[in-house]
Amino acid sequence: MKFFTSWFQKFDKSKSVIVTIGNFDGFHKGHEKLLQVVRKDSAENNKQGLVVFFDPHPRSILGGTPLARITPFEEYPQYIKKAGLHGYMKIDFNQQLIQSSPEQFFTELYQAVPFSKIWIGEDFYFGKDRSGNIAFLKQIAQKHNVDVSVFPNYKLSKYKVSSSTIRSLLAEGKFKEAANNLGRYWHFEGVVENGEQLARKLGFPTLNLEIPFRTPLSYGVYIALIQIESNMYQAVCNFGMKPTIQYKKILWESHILNYTKLPEVQKMKIMPLAFLRKEKKFESLELLKEQIVKDKEQAQLYFHENKKLPQFTY
């Protein structure tokens with residue numbers, strides 16, 4: 001198996017390690033609570049806390065198609081560091097790992113970074129065909145003098161907070177509900193690229209980017225906040241393949257409201273706030289232009305009625 005370990009500060013060999021393992025997609029409220037427990041446990045026992053996760057996400061390999069991501073792997077370190085943990089280990093999820101027995105997986109993980117304790121969620125399974133359960137983990141861990149602690153599922157209004165639920169909420173455009181599960185409004189970042197300038201010719205200049213990972217979002221028109229460096233902008237956006245002109249790439253286009261000149265920018269962050277409508281193919285560019293005017297008016301009304309807006313967390 002392939003392991004990549006990174007410590008935010010120099011690894012202290014005199015201290016033992018407490019690990020927690022999972023997928024952590026989204027770093028939602030449940031993940032946050034678990035990491036708080038690991039941090040507290042590490043601090044009280046003078047140990048180092050390590051987060052272990054898989055890349056790519058196991059469901060992307062086992063399911064045969066790439067999984068829509070809430071959080072790209074590139075952002076994992078900043079969430080782990082903010083949680084107060086000492087480092088992380090990324091495990092390459094490949095065919096060798098899929099075929100590994102639970103005992104083989106545990107042994108190789110322990111050899112990579114010997115740890116004295118492991119925290120896992122109550123739904124944790126590991127090894128080939130998910131054949132290793134918590135009871136089996138405790139048996140293997142005992143052989144290595146490793147303690148096992150189980151963190152219960154975190155619930156909101158009797159429902160378990162999960163990455164799957166959040167993906168569904170984002171796909172449905174229910175961003176406030178997703179934020180209740182995440183503990184923050186979801187956003188993503190991308191590099192701005194030059195487009196074909198069609199929107200500009202129609203009178204609605206846009207900042208365009210290809211989202212660098214597969215998101216849970218559905219194709220359509222959104223109201224969003226844009227952050228460029230330290231500046232915030234209100235925008236109406238289109239996500240999809242622009243079927244009216246039969247565009248070949250998936251693109252996110254942002255038309256900033258109340259600005260006649262677009263800011264010079266290379267990167268920007270986008271926070272969708274509301275879903276307006278599904279992507280649609282129009283019979284002519286004139287009909288498309290008429291619809292963009294309506295979309296823009298709806299976005300302006302939204303911001304007029306919603307003065308208190310969420311903040312970007314990173």
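Since this is a predicted model, take the numbers as computed values, not measurements. The analysis underlying the following values was restricted to heavy atoms, covering all of them including side chains, and did not include hydrogens, waters or symmetry mates.
A distance of 10.0 Å separates NE2 in His57 from CG in Leu62, rounded to the nearest 0.5 Å. Taking CG of Leu309 as the start and CE of Met271 as the end, the distance is 9.0 Å to the nearest 0.5 Å. Residue Ile228 holds its CD1 atom at 4.5 Å from CD1 of Ile256, rounded to the nearest 0.5 Å. Separation of atoms CD (Glu229) and CD (Gln266) is listed at 9.0 Å; rounding is to 0.5 Å.
Nearest heavy atoms, Leu109 versus Phe115: CG-CE2, 3.8 Å. Nearest heavy-atom pair across Ala68 and Arg167 is O-NE, 3.0 Å. The shortest heavy-atom contact between Val148 and Leu137 is CG1-CD2, 3.9 Å. Heavy atoms only, all atoms of each residue included: Val191 and Leu209 are closest at O-CB, 3.2 Å. Considering every non-hydrogen atom in both Val192 and Leu207, the closest pair reads CG1-CD2, 4.3 Å. When all heavy atoms are compared, the tightest approach of Gly121 to Val150 is C-CG1, 4.2 Å.
At a threshold of 4.5 Å between non-hydrogen side-chain atoms, the residues His31 and Ser163 count as touching. The shortest side-chain heavy-atom distance between Tyr125 and Pro102 does not fall under the 4.5 Å cut-off. In this structure the side chain of Gln95 reaches within 4.5 angstrom of the side chain of Ile61, judged on heavy atoms.
The main-chain N or O of Pro66 is never found under 3.5 Å from a side-chain atom of Ser60 such that the two would form a donor-acceptor pair. Side-chain atoms of Gln48 never come within 3.5 Å of backbone atoms of Phe11 as a donor-acceptor pair (strictly under, hydrogens ignored). No donor-acceptor pair under 3.5 Å is formed between the side chain of Glu189 and the backbone N or O of Lys267. Looking only at distances, a side-chain donor or acceptor of Lys29 sits under 3.5 Å from a matching main-chain atom of Asn180. Here the side chain of Trp252 pairs no donor or acceptor atom with the backbone of Ile211 at under 3.5 angstrom. No side-chain donor-acceptor contact under 3.5 Å links His187 to the backbone of Ile270. A donor-acceptor pair under 3.5 Å is absent between the side-chain atoms of Ser149 and the main chain of Trp119, judged by distance alone. Under the 3.5 Å distance criterion, the side-chain polar atoms of Asn208 are left unmatched by any main-chain donor or acceptor of Glu253. A donor-acceptor contact shorter than 3.5 Å is absent between the side chain of Glu74 and the backbone of Tyr76.
In the model, Ser164 has a side-chain atom that pairs as donor or acceptor with a side-chain atom of Arg59 under 3.5 Å. Side-chain atoms of Asp295 and Gln291 form a donor-acceptor pair, as typed in the model, at a separation below 3.5 Å.
Every residue meeting the side chain to side chain contact (heavy atoms under 4.5 Å, CB included) condition with Ala112, not counting sequence neighbours, appears here in chain and number order: Phe3, Met89.
Using a cutoff of 4.0 Å between basic side-chain nitrogens and carboxylate oxygens, Arg69 and Asp25 are scored as salt-bridged. The existence of a salt bridge linking Glu193 and Lys249 is confirmed by a sub-4.0 Å separation between a basic side-chain nitrogen and an acidic carboxylate oxygen.
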I would like to know whether Asp55 and Phe4 meet side chain to side chain contact (heavy atoms under 4.5 Å, CB included); could you show each step before the answer?
CA-CA 10 Å; Asp55 179 15; Phe4 172 79; over 6 Å; no

Yes or no on salt bridge (Lys or Arg N to Asp or Glu O under 4.0 Å) for Lys160 and Glu122, after CA distance, side-chain angles and deciding distance?
CA-CA 12 Å; Lys160 182 181 77 169; Glu122 64 178 86; over 6 Å; no

Just do the side chain to side chain contact (heavy atoms under 4.5 Å, CB included) check on Val38 and Phe151 with the steps written out, would you?
CA-CA 10 Å; Val38 176; Phe151 186 79; over 6 Å; no

Would Trp7 and His86 satisfy side chain to side chain contact (heavy atoms under 4.5 Å, CB included), going step by step from the backbone distance to the final call?
CA-CA 6 Å; Trp7 298 94; His86 298 85; 3.9 Å; yes

Give the intermediate values and the outcome of side chain to side chain contact (heavy atoms under 4.5 Å, CB included) for residues Leu273 and Asn306.
CA-CA 11 Å; Leu273 300 176; Asn306 295 272; over 6 Å; no

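Within a 6.0 Å radius of NZ in Lys269, more than 12 heavy atoms belonging to other residues, nucleotides or ligands are found.
The aromatic rings of Phe106 and Tyr110 lie parallel to each other, their planes meeting at an angle below 30°, with 60° marking the opposite boundary.
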Atom pairs and distances, donor-acceptor, side-chain atoms in residues 126-136, under 3.5 Å, two or more places apart:
unit_1 : atom_1 : unit_2 : atom_2 : d
Lys128 : NZ     : Gln99  : OE1    : 3.2
Ser131 : OG     : Lys128 : O      : 2.8
Asn133 : OD1    : Ala135 : N      : 3.3
Asn133 : OD1    : Phe136 : N      : 2.9

